[in-house]
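Input: a single structure, listed below in structure tokens.
Throughout, residue positions are numbered sequentially from 1 according to the sequence presented. Indexing begins at 1, ligand by ligand and atom by atom, following the structure's order.
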Amino acid sequence: MTQKNKKLIAGNWKMNGLQGALNEIEAIAKKLTDYADKGTFLICPPATLIAGAKALAGDALHIGAQDCHSEKNGAFTGDISAEMVADLGGRFVIVGHSERREGHHESNAMVKAKAETALEQGIKPIVCCGETLQQREAGEAIGFVTQQIAESTPDSLSKDGEIALAYEPIWAIGTGKTASVDDVAEMHVALRKTLVDKFGARGHTVEILYGGSVKPENANALLHTQDVDGALVGGASLKAESFLGIVAAL
Ligand code: 13P
């Protein structure tokens with residue numbers, strides 16, 4: 001069973017958080033100094049809070065974005081570029097979240113282009129994948145998700161750990177349902193093989209996160225499952241207490 005020395009625990013605030021929520025960033029950052037040797041920690045607030053969060057995050061907590069455009073800059077009203085994220089001190093960006101694939105019709109090719117643009121700006125993309133309940137029930141989950149990742153990741157990696165993946169079964173997001181540890185292990189092992197087939201030995205250095213209703217109560221089991229190198233947390237990352245409860249499972 002492969003285990004990385006440090007897990008990546010990332011929070012995705014989605015479209016939640018006004019300026020008052022920066023208190024949570026401050027509370028998280030203060031406490032994380034106790035865990036610095038155990039993991040890498042990241043919060044991706046809405047774009048409006050990246051600068052404010054960065055000012056409070058200190059060294060123990062990274063701040064990232066939830067999306068970026070595939071082009072470096074230009075006439076794309078409402079979008080933000082990877083360069084803008086980097087300019088604010090962001091070092092990570094989530095790309096291809098299922099809420100963007102579904103709500104904004106993002107294809108694997110678009111997600112791949114976003115990941116490549118992020119890398120050009122020195123930002124680590126967290127490339128998301130995940131199946132619907134219908135696909136899982138039809139026995140198509142592994143085939144669908146591994147193809148998503150084969151097509152949504154850059155053609156090559158120039159250094160170890162340059163990208164991360166997040167496996168987030170759509171039916172487990174925000175529902176309180178989590179995939180069983182056996183299903184998570186089966187998928188993460190399949191994703192590892194996809195990465196190694198595509199990138200060679202460097203595929204072993206890519207962190208594969210699990211996401212979907214991760215909370216303090218289930219974090220210990222999920223984080224100690226085969227080939228699970230961390231978690232991408234939605235709802236439970238909004239409050240310092242629950243995010244730190246997940247961190248404590250390390
Ligand atoms: P929840 O943790 O709220 O299920 O969200 C998961 C997710 O989509 C993180 O990107």
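Using modelled atom types and a 3.5 Å distance limit, the side chains of Y167 and Q148 yield no donor-acceptor pair. Defined by atom type and a distance below 3.5 Å, a donor-acceptor pair is present between the side-chain atoms of T132 and Q135. With hydrogens and angles left out, the side-chain atoms of W171 and Q134 include no donor and acceptor closer than 3.5 Å.
Here the protein heavy atom with the shortest distance to atom 4 (O) of ligand 1 is G174 N, 2.6 Å.
The shortest heavy-atom distance from K14 to ligand 1 is under 4.0 Å. Ligand 1 lies less than 4.0 angstrom from a heavy atom belonging to G212. Proximity of A172 to ligand 1 is established by a heavy-atom distance of less than 4.0 Å.
E106 has a carboxylate O that lies under 4.0 Å from a charged side-chain N of K114, or vice versa, which qualifies the two as a salt bridge. Under the 4.0 Å criterion applied to side-chain N and carboxylate O atoms, K7 and D229 are not assigned as salt-bridge partners.
Listed by first and then second residue, the salt bridge (charged side-chain N to carboxylate O under 4.0 Å, His left out) pairs that reach into residues 238-249 are E24-K239, sequence neighbours excluded. Annotation: salt bridge (charged side-chain N to carboxylate O under 4.0 Å, His left out) contacts involving residues 207-222, sequence neighbours excluded, comprise K124-E207.
Close approach of ligand 1 to L232 is summarised as follows: ligand atoms under 4.0 Å from at least one heavy atom of the residue are 9 (C), 10 (O). Distances below 4.0 Å separate heavy atoms of G235 from the following atoms of ligand 1: 1 (P), 2 (O), 3 (O). If you number the atoms of ligand 1 from 1 as listed, the ones under 4.0 Å from a heavy atom of E168 come out as 6 (C), 7 (C), 8 (O), 9 (C), 10 (O). Taking a cut-off of under 4.0 Å to the non-hydrogen atoms of N12, the atoms of ligand 1 that pass are 9 (C), 10 (O).
Looking only at side-chain heavy atoms (C-beta outward), L32 and L244 come within less than 4.5 Å of each other. K54 places none of its side-chain heavy atoms less than 4.5 Å from the side chain of L88.
Annotation: E99 places no N or O atom under 3.5 Å from an N or O atom of ligand 1; distance criterion only. Ligand 1 has a nitrogen or oxygen under 3.5 angstrom from a nitrogen or oxygen of G234. Checked by distance only, ligand 1 and A236 stay at 3.5 Å or farther apart across all their nitrogen or oxygen atoms. Here's the thing with V233: none of its N/O atoms is less than 3.5 angstrom from an N/O atom of ligand 1. Geometrically, ligand 1 and S213 share a nitrogen or oxygen pair separated by less than 3.5 Å.
By the criterion of a heavy-atom distance under 4.0 Å, both the backbone and the side chain of I173 are placed next to ligand 1.
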